[in-house]
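Here the structure is a predicted model, which is why all the values come from computation and not from measurement. Computed over heavy atoms, backbone and side chain alike; hydrogens, waters and symmetry mates excluded.
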Amino acid sequence: MKALVLGSGAGGGVPQWNCGCRVCRMAWDGDARVKPRTQSSLAVSADGESWLLLNASIDLRQQVLATPALQPKGEGRHSPIAAALLTNTDVDHAAGLLALRERQPFTLWGTQSTLDTIGANRIFDVVGRDVVPRRAVKLGEPFEPLAGLRLELFAVPGKAPLWLEEGEVKTDQIGEGTVGVVVEAGGRKLVYAPGCAHVTGDLKTRIAEAHALFFDGTLFSDDEMIANGLGDKTGRRMGHMPVSGPGGSLEELSAYAHMRRILIHINNSNPILIEGSPEEAKVKAAGWDIAFDGMEVTP
Ligand code: MLT
Ligand code: MN
Ligand code: ZN
């Protein structure tokens, strides 16, 4: 199995179009210590020819341009992208479906809840259901979106997408709205959970059986958006547990130091994106890698 990080950034990417925070400013200025990053997506393949997208990033077109493996082969219409699966319906994870119009067959996978949300928004009908079948999968039931690639979805705590928030928002709902994915091929397993409000027992069980983990690295500190004057929400209010601090991912997932652990979906406010920063050093000392666009992982 091969996994390619198409987008390692969270919503907004790095730099974000309207942001001059410390990390974005360095990226705008071309400082080599900050790599530009597109928004959240992973591609996986068992044979290097057919690929499954784990999330369809709003930056998908740019990601295809940067990734030869995903470009058309031969003449006429073709794409190595044979399937796409959505882990939730956040804009960064789902809006890239609109880049997959032009009547190219592939299969769209997700929970019934995710497909219902996409189905209720008519703009996504531009990806014609006659060429792109939508296949609902149940939590905990293995399925094979591509030959040789076995997947299973499981619930991770999360919230409704920002664009559907109303009233009081529950930030750690367990259900079909936010899922993690186990991908298995050739006896190797990876777990992908780009959004997660807290670590559950079920998630720990899944991680314990895997060879590689791609995990939510949105914010380093829960209050970093507020402390930097970038917004009024904590990470937890956004449905993301922080990397550091009590109940953060370094602490909660410290038992899995023997496996490859990679932070992904990293917000531009997160100082781990500055190479040489104390925060980057802390994450690395704890045995974690920091995903970057173009990173290749063989679990
Ligand atoms: C998130 O990960 O919290 C969302 O992508 C936020 C957003 O929609 O901008
Ligand atoms: Mn996001
Ligand atoms: Zn920024």
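For T114 and T117, the side-chain atoms include no donor-acceptor pair closer than 3.5 Å. Under the 3.5 Å distance criterion, with hydrogens and angles disregarded, a donor-acceptor pair is assigned to the side chains of N55 and T87. Remark: the N88 side chain and the T178 side chain contain no N/O donor-acceptor pair separated by less than 3.5 Å. Donor-acceptor pairing under 3.5 Å is recorded for the side chains of S45 and D47. A donor and an acceptor atom, one from each side chain of Q62 and T38, are nowhere located under 3.5 Å apart.
You'll find the side chain of L149 reaches within 4.5 Å of the side chain of L52, heavy atoms only. Two residues are said to be in side-chain contact when any heavy atoms from C-beta on lie closer than 4.5 Å; M295 and L4 fail this criterion. V181 has its side chain out of reach of V191: every pair of non-hydrogen atoms, C-beta onward, lies at least 4.5 Å apart. Inter-residue side-chain proximity for V132 and T107 is flagged as unmet; no heavy-atom pair is nearer than 4.5 Å. Counting heavy atoms from C-beta outward, T89 and W163 have side chains that approach closer than 4.5 Å. Under the 4.5 Å side-chain criterion, counting only non-hydrogen atoms from C-beta, V127 is not in contact with L108. Here the side chains of F124 and R134 are in contact, with some heavy-atom distance below 4.5 Å. With contacts defined as side-chain heavy-atom distances shorter than 4.5 Å, the pair L54/V183 qualifies.
Scanning both residues, G175 and A155, for their nearest heavy atoms gives O-CB, 3.3 Å. Shown here for P242 and S221, the closest heavy-atom pair between the two residues is CB-C, 4.1 Å. The heavy-atom pair separating A3 from L190 by the smallest distance is CB-CD2, 3.8 Å. Closest heavy-atom contact between G140 and P142: O-CD, 3.5 Å. In terms of heavy-atom proximity, H93 sits nearest to S40 at NE2-OG, 2.7 Å. Between S249 and W288, the closest heavy-atom pair is O-CZ2, 4.2 Å.
A donor-acceptor pair under 3.5 Å is formed between the side chain of N228 and the backbone N or O of E224. With hydrogens and angles disregarded, no donor-acceptor distance shorter than 3.5 Å links the side chain of K233 to the backbone of G231. Judged purely by atom type and a 3.5 angstrom limit, D293 uses its side chain to pair as donor or acceptor with the backbone of S8. Of the possible donor and acceptor atoms, none in the side chain of T67 sits under 3.5 Å from a partner among the backbone N and O of L70. With hydrogens and angles disregarded, no donor-acceptor distance shorter than 3.5 Å links the side chain of R206 to the backbone of F154. Between the side chain of Q112 and the backbone N or O of A136, no donor-acceptor pair lies under 3.5 Å. When atom types are taken as modelled, the side chain of S57 and the backbone of D59 share a donor-acceptor pair closer than 3.5 angstrom. In this structure, E251 contributes its side chain and G248 its backbone to no donor-acceptor pair below 3.5 Å.
Between atom CG of residue L6 and atom CH2 of residue W51 there is a gap of 8.5 Å, rounded to the nearest 0.5 Å. Considering CG of D202 and CD1 of I174, their distance stands at 8.0 Å, rounded to 0.5 Å. Rounded to the nearest 0.5 Å, atoms CE (M241) and OG1 (T171) are 12.5 Å apart. Considering CG of L86 and OG1 of T111, their distance stands at 9.0 Å, rounded to 0.5 Å.
Of the charged side-chain nitrogens involved, at least one lies within less than 4.0 Å of a carboxylate oxygen, so that R236 and D222 count as a salt-bridged pair. K35 has a carboxylate O that lies under 4.0 Å from a charged side-chain N of E275, or vice versa, which qualifies the two as a salt bridge. Ion pairing between a basic and an acidic side chain is recognised when a charged N comes within 4.0 Å of a carboxylate O; K159 and D172 show no such pairing. With respect to E279 and K284, no salt bridge is recorded, no charged nitrogen being found less than 4.0 Å from a carboxylate O. Between R77 and E102, none of the side-chain N atoms (NZ, or NE/NH1/NH2) sits under 4.0 Å from a carboxylate O, so this pair counts as no salt bridge.
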Inset, instruction - Using the side chain to side chain contact (heavy atoms under 4.5 Å, CB included) rule, take V131 and Q104 through it: C-alpha gap first, then chi angles, then the decisive distance, then the call. - result: CA-CA 7 Å; V131 278; Q104 179 65 35; over 6 Å; no
Legend entry - Criterion side chain to side chain contact (heavy atoms under 4.5 Å, CB included) on D90 and L162, from CA distance to verdict: CA-CA 7 Å; D90 281 350; L162 185 57; 5.6 Å; no
Inset, instruction - Let me see the working for L85 and F143 under side chain to side chain contact (heavy atoms under 4.5 Å, CB included), right down to the final yes or no. - result: CA-CA 12 Å; L85 171 112; F143 61 105; 3.8 Å; yes
Legend entry - Pair I290-I262, side chain to side chain contact (heavy atoms under 4.5 Å, CB included): steps then yes or no: CA-CA 6 Å; I290 298 166; I262 302 160; over 6 Å; no
Inset, instruction - Apply salt bridge (charged side-chain N to carboxylate O under 4.0 Å, His left out) to the pair R261 and D289, showing each step before the final yes or no. - result: CA-CA 6 Å; R261 292 170 305 168; D289 287 326; over 6 Å; no
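By the 6.0 Å contact criterion, CZ on R61 is open, its count of non-hydrogen atoms from other residues, nucleotides or ligands being 12 or less. Counting heavy atoms of neighbouring residues, nucleotides and ligands inside a 6.0 Å radius, atom CZ of R150 does not exceed 12 of them.
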Exercise answer: donor-acceptor pairs, residues 207-220 side-chain atoms, under 3.5 Å, sequence neighbours excluded:
from : atom 1 : to   : atom 2 : distance (Å)
E209 : OE1    : K189 : NZ     : 3.4
H211 : ND1    : K189 : N      : 2.9
H211 : NE2    : R188 : NH1    : 3.4
D216 : OD1    : T218 : N      : 2.9
D216 : OD1    : T218 : OG1    : 2.5
D216 : OD1    : H240 : ND1    : 3.4
D216 : OD2    : C196 : N      : 2.9
D216 : OD2    : H240 : ND1    : 2.6
T218 : OG1    : H240 : ND1    : 3.1
T218 : OG1    : H265 : O      : 3.4
T218 : OG1    : H265 : ND1    : 2.9

Distance-only donor-acceptor hits, side chain of residues 11-24, under 3.5 Å, sequence neighbours excluded:
from : atom 1 : to   : atom 2 : distance (Å)
Q16  : OE1    : N268 : ND2    : 3.0
Q16  : NE2    : N18  : OD1    : 2.7

